[in-house]
Amino acid sequence: MNLEELSGLPPGATDHFRQEGIEELYPPQAEAVDAGATDGENLVAAVPTASGKTMIAALAMLSAVERGGKALYIVPLRALASEKRDEFEAYEQFGITTGVTTGNYESTDDWLATKDIIVATSEKVDSLVRNGAGWLSELTCVVSDEVHLIDDRNRGPTLEVTLAKLQQLNPAMQTVALSATVGNADEIADWLDASLVDSDWRPIDLEMGVHYGNALNFDDGSTREVPVEGSEKQEAALVRDILQEGGSSLVFVSSRRNAEAAASRLGGVSGPELSGEERTELAELAAEIRDDSDTETSKDLADCVERGAAFHHAGLSSTQRSLVEDAFRDRLLKVISATPTLAAGVNTPARRVIVRDWRRFDPSAGGMAPLDVLEVHQMMGRAGRPGLDPYGEAVLLAKSHDESQELFDRYIWADPEAVRSKLAAEPALRTHVLATIASGFARTRGGLLEFLEATLYASQSSEAGRLESVTDEVLSYLERNDFIERDGKTEQTNDDAGAFTSAADLADQQRSKNEQTLEATSLGHTVSRLYLDPMSAAEIVHGLEGAEERPTALGLYQLVSRTPDMYELYLRSGEDEKFGELFYERERELLGDAPSEFEEGRFEDWLAALKTGTLLEDWAEEADEETITERYKIGPGDLRGKVDTAEWLLGAAESLAAEIDSEWTVAVREARARVEHGVGEELLELVSVGGVGRKRARRLYEAGVEEPADLRSAEKEVILGALKGEKTAENILENAGRENPSMDGVEPASGVVSATSDGSKAGTSDETNEETADDNQSSLGDF
DNA sequence: TCATGCCAATTTTAGACAGCATGTC
DNA sequence: CTAAAATTGGCATGA
């Protein structure tokens, strides 16, 4: 199908696509148009990665906007949201505006209301529904990217429920779901009342094969010699082989440590092949990486990067991740070894994809579990860059002939698994049942069940009554914790009498049970709006209610760390003892009742939360990044993630404290502010001044400048002595509201000098300094 | 007595969304 | 039910 044949697009859109080098639609895209993509018809497109899924979405959204509507594009990751934003922003040429909204992106309701296309994460959309964003009812087109993630145990139910709610909100709305090729795309299409485009067509060929011994055997029967020399690893031989043809490679491994070790070895392969110019550019990139964070992980990464290789996993900071991804896309980096993060993330195609480890540690399986076919296919789908590579190659590694055969059977010739809804899992229902009640989607038990009937789970469920029984369990949990109220007919039907009840009576009971009204309490509304798991909220509320004296920062940090919304830090061997001791030392500070030591699992969780809590405490006591990452054996990305989550949870805890009229609201606020800025209590005022962070605040404080007012009155020499650079100092003074911030001709004072004329403050600050130093040492000694 | 080298036993193990209101070194 | 690499610990050896 030719671009000219398309109708209903905004004027200028066709020209834009032509400029992008698009003349003709790919077959699956043409199929989608035939199925009514540009006419507002519902559509499920199950096609491989990089075969033009976004174009299908774009055609649907642009035609919807041209008809006077508004479109929403739902993505699973923040990083993908900005990737799509960049892509859609080009439509501004012909007057179509795009806005993004995610947890960490600026966005007000009115601002979004003016945009034609809005990009958001599924959780953000869920949150918008809960908070009743007005523009949601104006949507005429919703695109859900990577819709197969409905299968994900943690985040799948959110997407599923959100799609169901959007459809209920706007019955006339067009739904376009984009999926990887999965086993049951037809089922998803049925659920969404959509037509299906199911295709494995790709714009460039993908050859799949297994490497064993010295040979690479492809699925079409062809073979390529790739000898493994000396003691080198298979992946090294494969990377070298394709590098000699000028192709880059992506190696998927099972753990972070494996990724780092492999990258370091592969640097030995790519390093010698680099041109002088590349070396210079890579050295600059390495400097940027070291600059971003001063940790062991960063140094290791920078060392690899200098030799044209890199590792990629969630321990990297987001800046480092994008630096690596961008450099790989620009072909500056020749090889990346990555954990499965990269397979689901932003677009990073390579000529050759090597899936080295096809088993991964999975605690729920009690050991190593094979990767899903879908997951491996997603990894392999990264092979081949349209327009740049003649073809893509995906290679699995086998160590024996038997394994080689197994890999062909298990992954290359196998169909991907079916997508199964995970909605009936209790944690998921807890959140979504409360949200559904709080936002008024359901006012009775019957109404709630009716809504749940519209989910994929209900359409797949084979076990009749399961959803209903879990829902009832969840409802009583929510009622027990004062999140909802059930009215009338609450009395449980007498189970013992069941045997004697007639069928008519049962039906009658059922009916009255369904008429039972459900209403969120004020607390319930708050929890739903804050986007908390009700169980997290309950934990926090109980913790705050039980506190008899002002909670310490550690107490609050441990409290939020033991909620299900905080991702757990894992206790390493020997640490159970270490944190057990710390627990007895600081037991009095912790909020709520500790589980008994004999409750193996729960006690361990409690200690793991204590570990996370001390990490946050260290951060709030101004330990630097390097100290913390080393002490807890984590990467910079993990630290920032933890701090981020804690900030969010403590913010929510503050709202909850206000809601239940807790007397500790201020303590919570202070603990949150300390985590946010990573500073001790005494610096909180200083960091509120623009341009002052944890490091500068500490230096100013040591020089005797203790609060914003001191910035206005202290001698300039002292301030300049504490801060390096005139420009910085001037900027800070201006932010502090000083009359004449100019630093012209001011000489920095060295050493600790009294900042104020009376000199008394210098004395106090010295004392505090000693205390802080002591504190740091004692906590260092603990580890 | 202490450093060194080797082998066996032990340890470790992926990921990242969300409120609200604005800006680090 | 399943793996693999790195680290640690124990022991023998040699100076």
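On a predicted model such as this, the values are computed, not experimentally measured, just so you know. Every chain is numbered from 1 and lettered A, B, ... according to where its sequence line falls, protein lines coming before strand lines.
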When you get a sec, tell me which of [options] is the closest nucleotide to the side chain of [X]?
X	options	answer
A314(A)	dT13(B), dA18(B), dA16(B)	dA16(B)
K695(A)	dT12(B), dC25(B), dG19(B)	dC25(B)
R256(A)	dG19(B), dA16(B), dC17(B)	dA16(B)
K124(A)	dG19(B), dC25(B), dA16(B)	dG19(B)
T339(A)	dG19(B), dA16(B), dA14(B)	dA14(B)
R155(A)	dA16(B), dA3(C), dA5(C)	dA16(B)
H677(A)	dA14(B), dT24(B), dC17(B)	dT24(B)
E647(A)	dA16(B), dA18(B), dG19(B)	dG19(B)
S573(A)	dA18(B), dT11(B), dA3(C)	dT11(B)
Y531(A)	dA18(B), dA14(B), dT2(C)	dA18(B)

Students often get this wrong, so: under 4.0 angstrom with heavy atoms, is [X] touching a base, only sugar-phosphate, or nothing?
X	value
G691(A)	sugar-phosphate
T645(A)	base
R529(A)	sugar-phosphate
V689(A)	sugar-phosphate
G641(A)	nothing
A261(A)	sugar-phosphate
L649(A)	nothing
R672(A)	nothing
N154(A)	base
K642(A)	nothing
R694(A)	sugar-phosphate

Partner nucleotide of [N] by Watson-Crick or wobble geometry (both distances under 3.5 Å):
N	answer
dA18(B)	none
dT7(C)	dA9(B)
dC1(C)	none

Could you tell me whether a side-chain N or O of D638(A) sits under 3.5 Å from a main-chain N or O of G635(A), the two making a donor and an acceptor?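 Yes, the answer is positive, given that a donor and an acceptor are paired below the 3.5 Å cut-off.
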I'd like to know if the side chain of R85(A) reaches the main chain of V100(A), judged simply by a donor and an acceptor atom lying under 3.5 Å from each other, with no hydrogens or angles considered.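 Not confirmed, R85(A) side chain does not pair with V100(A) backbone.
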Are R359(A) and dT13(B) close enough that a side-chain N or O sits under 4.0 Å from OP1 or OP2?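 So the side chain of R359(A) is outside the cut-off, no N or O lying under 4.0 Å from OP1 or OP2 of dT13(B).
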Under 4.0 Å from OP1 or OP2 of dT12(B): is there any side-chain N or O of K633(A) that close? no
Kindly compute the distance separating [atom1] ([X]) from [atom2] ([Y]), expressed to the nearest 0.5 Å.
X	Y	atom1	atom2	value
I150(A)	K422(A)	CD1	NZ	10.5 Å
R382(A)	T49(A)	CZ	OG1	6.0 Å
E417(A)	H377(A)	CD	NE2	8.5 Å

What integer distance in Å separates D624(A):CG from dT24(B):P? 19 Å
Please indicate yes or no: is the ring centre of W648(A) less than 5.5 Å from the centre of the six-membered base ring of dA18(B), with the two planes inclined by under 30 degrees?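 Answer is yes, a stack.
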With the side chain counted from C-beta on, respond yes when L166(A) and V129(A) share a heavy-atom pair under 4.5 Å apart, and no when they do not. yes
